[in-house]
Structures are given as structure tokens and as C-alpha cells.
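Notes for the one structure printed next.
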Number of protein chains: 2
Amino acid sequence: MLDTVTMTSETEHPGVAATVEPAHTSEGRAALAEFPLFKGASAATLDVILRHANLRRCVADEEILSRDEQAGDVYFVLRGEVRIVNYSASGREVAYAIIPAGGYFGELSAIDGRPRSANVLAVEDCLLATLTPAAFKELLALDSEIAARVMQKLVRIIRSADDRILDLATLSAYQRVYVEVLRMKKPDPVRPNSWLIYPLPTQAQIAALASTTRETVARVLSQLSHDHIAERKSKTLYIRDLARLQALAAKSQPDGKMN
Amino acid sequence: MLDTVTMTSETEHPGVAATVEPAHTSEGRAALAEFPLFKGASAATLDVILRHANLRRCVADEEILSRDEQAGDVYFVLRGEVRIVNYSASGREVAYAIIPAGGYFGELSAIDGRPRSANVLAVEDCLLATLTPAAFKELLALDSEIAARVMQKLVRIIRSADDRILDLATLSAYQRVYVEVLRMKKPDPVRPNSWLIYPLPTQAQIAALASTTRETVARVLSQLSHDHIAERKSKTLYIRDLARLQALAAKSQPDGKMN
DNA sequence: TTTTGAATGTGATTTACGTCACATATTGTT
DNA sequence: AACAATATGTGACGTAAATCACATTCAAAA
């Protein structure tokens with residue numbers, strides 16, 4: 001499944017795989033100063049960050065960190081995109097989130113010192129900055145604005161996890177796929193008032209997000225296409241009838257029983 | 001489903017239902033100073049708390065706060081127990097957590113200012129202390145130890161929510177009940193090395209936690225009893241064979257497919 | 001181009017478990 | 001003790017969706 005990592009791209013030292021390097025390069029400085037979490041930070045704060053941060057590059061599909069590992073580094077995604085996933089005992093993949101450039105992960109272990117709760121995979125080639133737990137905590141103590149932002153992000157994670165639990169507990173598999181499609185939609189960059197998904201993840205990846213099977217996702221997509229609600233053209237899915245899709249996602253099963 | 005609340009118990013002013021009162025009573029002072037989150041706090045911190053806190057009493061099954069409400073008070077459970085739940089469009093109840101005395105809730109809205117994400121019900125008669133969002137934020141800014149504890153609690157919530165998502169996505173309904181039973185077990189106060197659940201929640205409540213139906217919970221409990229793994233005697237469930245129960249909870253469906 | 005491995009589409013079959021329908025048991029109340 | 005009112009136990013049944021099994025299409029190398 002995972003490619004054996006070949007360290008060719010973006011590595012200047014042949015032979016030694018230089019995956020970790022200090023962030024004191026012009027590239028690192030610029031990227032970190034502009035990073036959303038640190039936007040508007042004082043010079044002192046930025047100094048702490050730049051002094052402690054390291055850069056790490058990784059290639060598509062590389063496993064950046066894995067569950068149960070006893071490490072607490074916080075990772076900032078400067079370029080690329082990562083997926084946070086877990087595997088069931090039987091090997092089924094469950095995806096928690098996709099973090100694009102500008103996001104960060106790994107803060108849970110940094111905050112409570114416990115092992116990693118999930119695996120993180122690079123969706124594509126990535127440039128990451130890392131901070132040790134000690135440095136991250138220093139940062140939180142030093143800059144209350146950043147501490148507040150981190151806390152807000154934790155709250156956002158809880159809210160979305162709670163939503164997900166509600167979805168898993170109460171929606172049908174089809175509905176969960178509808179919901180996932182709705183979550184992934186972005187405004188069409190050319191046509192206004194129109195929505196699309198690009199690039200469309202593989203059906204297996206969508207299935208992992210919606211906690212169902214690849215086949216079910218295929219059936220849902222076929223049905224949507226047949227009903228002219230969404231249309232797939234190679235790597236993009238055009239949403240033709242948003243209202244109808246939302247209706248499908250929301251329609252409550254004729255249940256009515258209040259227990 | 002919910003009893004219409006009759007304000008008889010613990011109310012001294014007949015007529016007016018005095019649900020909110022300042023915490024400046026000896027009862028309030030003692031309870032708050034001993035409260036886990038505030039344990040070891042400085043006099044200044046405690047002063048802020050006591051000055052801003054109010055007490056609120058509520059009776060069993062009362063709805064303490066409800067989803068989508070635009071309010072951000074934080075609640076501290078001084079006595080009693082509350083359940084955090086949500087309802088699906090079709091009315092099915094999904095329980096997130098049961099918070100005993102010493103716990104708190106409502107901090108999400110206080111932190112991010114967004115509406116309530118769930119409903120909170122009193123399991124039994126409760127004594128609660130409340131803090132406005134402003135007071136809570138002041139507290140976080142004033143006392144970094146408390147801020148850190150709150151952050152740790154948020155992380156704990158995320159970890160358990162992620163576990164729950166994994167369970168929902170990968171375990172069978174039976175297994176989810178096993179898992180829930182295992183979660184609720186406590187060491188037997190009299191017999192050492194023995195586990196039990198007391199008081200055993202109703203099957204409907206267990207079903208809400210495990211996201212299944214009451215009937216399924218009944219079947220699981222019957223099966224466990226039949227196999228001498230657990231035995232129910234009125235309000236307590238004795239776990240007779242912990243190892244076997246854990247094995248049942250963990251047994252991976254013969255799936256093996258890695259996708 | 002040809003080849004080879006993923007990714008996708010769709011039928012047929014199976015099954016876990018929700019739903020429905022009661023009977024029985026356990027509570028708490030007059 | 002008698003009575004509701006809740007809570008529990010268990011069969012029968014239907015169905016959503018997982019599983020299995022291919023055919024087909026697409027996309028990346030050789």
C-alpha cells in the first residue's frame with residue numbers, strides 16, 4: 001500500500017535522506033511568518049518559533065506519524081496536504097480529516113503527553129514544520145493569542161467530531177455519502193453560484209470518510225448522476241442540483257419512534 | 001417523555017421557583033473551593049469564581065440547556081449527574097457523555113461563542129454552579145493552571161470522540177454494547193479483582209450510548225447472562241468473566257480485506 | 001502504442017440488526 | 001395490596017447495506 005520512500009525529489013544531498021532541516025532558511029521564515037496560526041504574532045513569538053522549528057519534507061503517501069507512537073511534535077503544513085486516519089482491527093480505514101496547507105496537527109499529544117491517537121499520511125508531497133512539545137508549550141505560555149486560537153481549534157474539532165458521531169448513529173449509509181459530498185464541495189472558480197469538487201478523491205477515500213464501502217459510494221454517485229444531481233467528469237464532480245442533494249441528505253427516515 | 005418539572009424539592013420560596021441564586025453561601029463556597037478544576041487555586045482566582053458564580057438547582061430529567069441555544073454559560077456539577085445528548089431528525093437519542101459531580105460542561109460555547117451543540121439533561125436532582133462566558137474567560141486568562149486543565153479536558157474529549165467514531169465505523173452493534181459495558185464497569189467495592197456496574201442504566205440509555213436499539217441491548221445482556229459472562233441482579237450487573245467479554249468486544253469480524 | 005495496475009460500475013447473494021408485536025417482570029404510587 | 005407505569009425478554013419479519021464477483025474504464029509505465 002505505502003510506497004517505499006525514494007528520496008529523490010527536493011533532496012539536495014544525494015545519499016543521505018535529508019528529511020529534517022532547520023527552518024532558518026528564507027523559505028522557512030517566510031512560510032512560518034505567514035502561517036495562519038502565527039499571523040500577527042509579535043517578533044518575540046516568531047523568534048521562538050523560528051529558533052525551534054525544523055522543516056521536514058515528505059513524499060506522497062508517506063506515513064508522517066503513526067498511532068500509539070510516543071512522541072509529541074506538532075506539525076505545521078506549509079505546503080501539500082495530509083490525511084488523518086485510523087484503522088480498525090480488521091484493517092478498515094476510517095478517515096478523520098484532511099488538513100490542507102495552513103493547518104496543523106499533532107497538538108493533542110503535545111498538550112497531554114499521551115501517545116498519538118491516529119495515523120497521518122501525506123496526500124501529496126508536503127513541506128512541514130515541526131515543533132517539539134516543549135517549544136509548543138512555551139509558545140502557548142508566551143503568546144495568549146496563539147493559545148486562544150489553539151483552544152478554539154480544539155473546540156472546532158470537538159464540534160465536528162460530535163456531528164460526525166450523530167451522523168454515524170442516525171443517518172443511513174447513502175445519507176452519509178451525500179453529507180460527505182456536501183462537505184467537500186467548493187464554489188466553482190469560473191461559474192458563479194455553482195459548486196464542484198476538485199480534485200475528487202477516490203471512492204475508497206470517500207468511503208473511509210463516510211464509513212461505508214467503496215461499492216456503496218459508487219452506487220450513490222451513479223444514482224446522483226442518473227438523477228442529474230451531480231455529474232462526474234474525470235477528476236471533478238459538478239453539483240448540478242444542490243437543493244435536491246441537501247434534501248436527500250436531510251430526509252429523515254420514516255422512523256418517528258422516540259424510544 | 002420529559003416530566004413537566006414540578007418545583008417542589010429543595011425550593012424554599014413557595015410560589016416563585018428560585019432556580020438561580022448566588023454562590024456566596026457556605027454551601028457554594030465549600031463546594032467550589034473543593035471542585036476538581038479549581039483545586040489548589042489561588043485566593044485571587046477563587047475570589048473571581050465566587051464573585052461571579054451562581055447556583056442553580058434542577059430536578060431529575062429537567063433539561064438544563066438545549067441545542068442551538070445562544071448562550072455561553074459554563075456549568076459545574078456540584079451534586080448530581082447530567083447526560084449530554086443529541087437527537088436525530090427522527091427523534092433518536094444519541095448520548096455523548098454522562099458527567100458526574102465534579103465535572104463541568106458548556107465550555108465549548110463559552111470558548112468559541114457559538115450556540116450549544118447538544119442538550120444537557122439532569123439524570124437526577126442536581127446542584128450546579130454557573131459562570132458567564134465573560135467570567136470564564138477571565139478565569140482562563142487569570143489562572144494559567146486552570147486554562148491548561150481546561151485544554152487538557154478538551155483534548156480528552158477529542159480522543160474519546162475519535163475512539164467513538166472508530167467504534168461506530170468499524171464495530172458491530174453487539175460489539176458496541178460490549179464496549180459500552182466495559183466502559184461502565186467499576187471495581188467491586190467489596191470483592192477485590194471483581195467488576196460490576198452499579199447502578200445499571202436502563203437498556204434504553206445504554207442503547208443511546210452504543211447507538212443501537214433497546215432490543216439489541218436486551219439481547220446482548222441475555223446472551224452474556226446465558227454464557228455466564230455477566231449477571232444481572234436488579235440494579236447491578238456483575239461481570240463474571242472479564243477476559244471473555246473483552247475478547248468479544250475485540251474480536252475482529254472475519255473481514256481481513258484491506259480495501 | 002501496449003501493458004499493467006488502479007479505480008470504477010453494477011448485478012446477485014447474504015446477513016446483521018432494526019422494526020414490530022407482544023408477554024413478562026420490575027418499579028414506584030395510591 | 002393493588003395498580004399503573006416503566007422497564008425488560010424474546011420471537012417473527014423485512015430490509016439496508018455489506019459482501020462477493022466480475023466486467024469495464026481509466027491512468028500511469030514500459
Side-chain angles (χ1 to χ4, degrees), chain A residues 1-3 6 60-61 88 90-94 124 168-178 199-208 210-226 230-237 248 251-259, chain B residues 1-4 6 8 60-61 88 90-94 124 168-178 199-208 210-226 230-237 248 251-259:
Chain A
M1 192 101 297
L2 280 184
D3 304 20
T6 48
D61 290 324
S88 76
S90 59
R92 263 184 66 144
E93 177 181 310
V94 176
E124 52 192 51
L168 279 167
T170 64
L171 299 184
S172 72
Y174 270 56
Q175 289 179 300
R176 294 199 304 273
V177 177
Y178 300 143
L200 186 64
T202 69
Q203 298 183 348
Q205 287 180 76
I206 297 173
S211 302
T212 181
T213 57
R214 197 225 94 218
E215 292 89 331
T216 297
V217 174
R219 283 182 238 271
V220 169
L221 258 27
S222 294
Q223 180 234 310
L224 289 180
S225 171
H226 174 269
E231 197 177 343
R232 182 173 164 272
K233 277 189 177 147
S234 86
K235 287 242 151 299
T236 93
L237 185 86
L248 284 173
K251 176 154 63 225
S252 83
Q253 297 327 82
D255 174 347
K257 236 190 142 208
M258 284 283 185
N259 250 345
Chain B
M1 191 100 295
L2 282 184
D3 303 22
T4 335
T6 47
T8 51
D61 291 323
S88 75
S90 59
R92 264 183 68 143
E93 177 180 310
V94 176
E124 53 194 48
L168 280 168
T170 65
L171 299 183
S172 72
Y174 270 56
Q175 288 178 300
R176 293 199 304 272
V177 177
Y178 300 145
L200 186 63
T202 71
Q203 299 183 346
Q205 285 180 83
I206 298 174
S211 302
T212 181
T213 57
R214 196 226 94 215
E215 291 91 330
T216 297
V217 173
R219 283 183 239 271
V220 168
L221 258 27
S222 294
Q223 180 233 310
L224 289 179
S225 171
H226 173 269
E231 198 176 345
R232 181 171 166 274
K233 276 188 178 147
S234 87
K235 286 244 150 298
T236 91
L237 184 85
L248 284 173
K251 174 151 68 225
S252 83
Q253 297 327 79
D255 172 346
K257 244 196 134 197
M258 282 283 184
N259 255 343

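As a basis for the values below, the full set of heavy atoms in this structure was taken, side chains included, without hydrogen atoms, waters or symmetry mates. In the text below, chain A, chain B and the rest are named by the order of the sequence lines, each starting its count at 1.
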Side chain to side chain contact (heavy atoms under 4.5 Å, CB included) between Leu248(A) and Tyr174(A), intermediate numbers included: CA-CA 9 Å; Leu248(A) 284 173; Tyr174(A) 270 56; over 6 Å; no
Trace of the side chain to side chain contact (heavy atoms under 4.5 Å, CB included) decision for Ser211(A) with Leu168(A): CA-CA 8 Å; Ser211(A) 302; Leu168(A) 279 167; 3.5 Å; yes
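Scanning DNA chain C for stems, defined as runs of 3 or more consecutive Watson-Crick or G-U wobble pairs whose donor-acceptor distances all fall under 3.5 Å, gives the following ranges: C:1-27 with D:4-30.
Judged by atom type and distance alone, Arg219(B) reaches the base of dG11(D) through a side-chain donor-acceptor pair under 3.5 Å.
Note that OG1 of Thr202(A) is 9.5 Å distant from CZ of Arg214(A), once rounded to the nearest 0.5 Å. With rounding to the nearest 0.5 Å, the separation of OG1 in Thr212(B) from CZ in Arg92(B) is 7.0 Å. How far CD of Gln203(A) is from CZ of Arg219(A): 10.5 Å, rounded to the nearest 0.5 Å.
Side chains of Ser222(A) and Ser225(A): no donor on one and acceptor on the other come within 3.5 Å.
When rounded to the nearest whole Å, the span between CG of Asp61(B) and P of dA5(D) equals 17 Å. Atom-to-atom, CD of Glu215(B) to C1' of dT10(D) comes out at 10 Å; the value is rounded to the nearest Å. Spacing between atom CG of Leu168(A) and atom P of dA16(D) amounts to 19 Å, rounded to whole angstrom units. We find that CD of Gln175(A) is positioned 13 Å from C1' of dA17(D), with the value rounded to whole Å. Nucleotide dG11(D) holds its P atom 12 Å from the NE2 atom of His226(B), rounded to whole Å. When rounded to the nearest whole Å, the span between CD of Glu93(A) and P of dA18(D) equals 16 Å. Computed from coordinates, the Tyr174(B) OH to dC17(C) P distance equals 8 Å when rounded to whole Å. Taking atom CG of Leu237(B) as the reference point, atom C1' of dG9(D) lies 15 Å away to the nearest angstrom.
The residue Ala173(A) sits close only to the backbone: its heavy atoms come under 4.0 Å of sugar-phosphate atoms, none of a base.
Here Ser222(A) reaches the OP1 or OP2 of dT10(C): one of its side-chain N or O atoms lies under 4.0 Å away. Applying the 4.0 Å criterion to OP1 and OP2 of dC26(D), one finds that Ser234(A) has every side-chain N and O outside that range. The phosphate of dG9(C) (OP1 or OP2) has no side-chain N or O of Gln223(A) nearer than 4.0 angstrom. At least one side-chain nitrogen or oxygen of Thr213(B) sits closer than 4.0 Å to the OP1 or OP2 atom of dG18(C). Listed pair Thr212(B) / dG18(C) meets the phosphate criterion, a side-chain N or O lying under 4.0 Å from OP1 or OP2. Taking side-chain N and O atoms only, Gln203(A) has a distance below 4.0 Å to OP1 or OP2 of dG9(C).
For the pair Leu171(A) and Arg232(A), both in contact range of DNA chain D, the more 5′-proximal nearest nucleotide belongs to Leu171(A). Each of Thr202(B) and Ser211(A) was assigned the nucleotide of DNA chain D with the nearest heavy atom; the assignment lying further toward the 5' end belongs to Thr202(B).
Side-chain contact between Leu171(A) and Arg176(A) is present, with heavy atoms from C-beta onward closer than 4.5 Å.
Residues satisfying the salt bridge (Lys or Arg N to Asp or Glu O under 4.0 Å) test with Glu231(A), not counting sequence neighbours, are Arg240(A).
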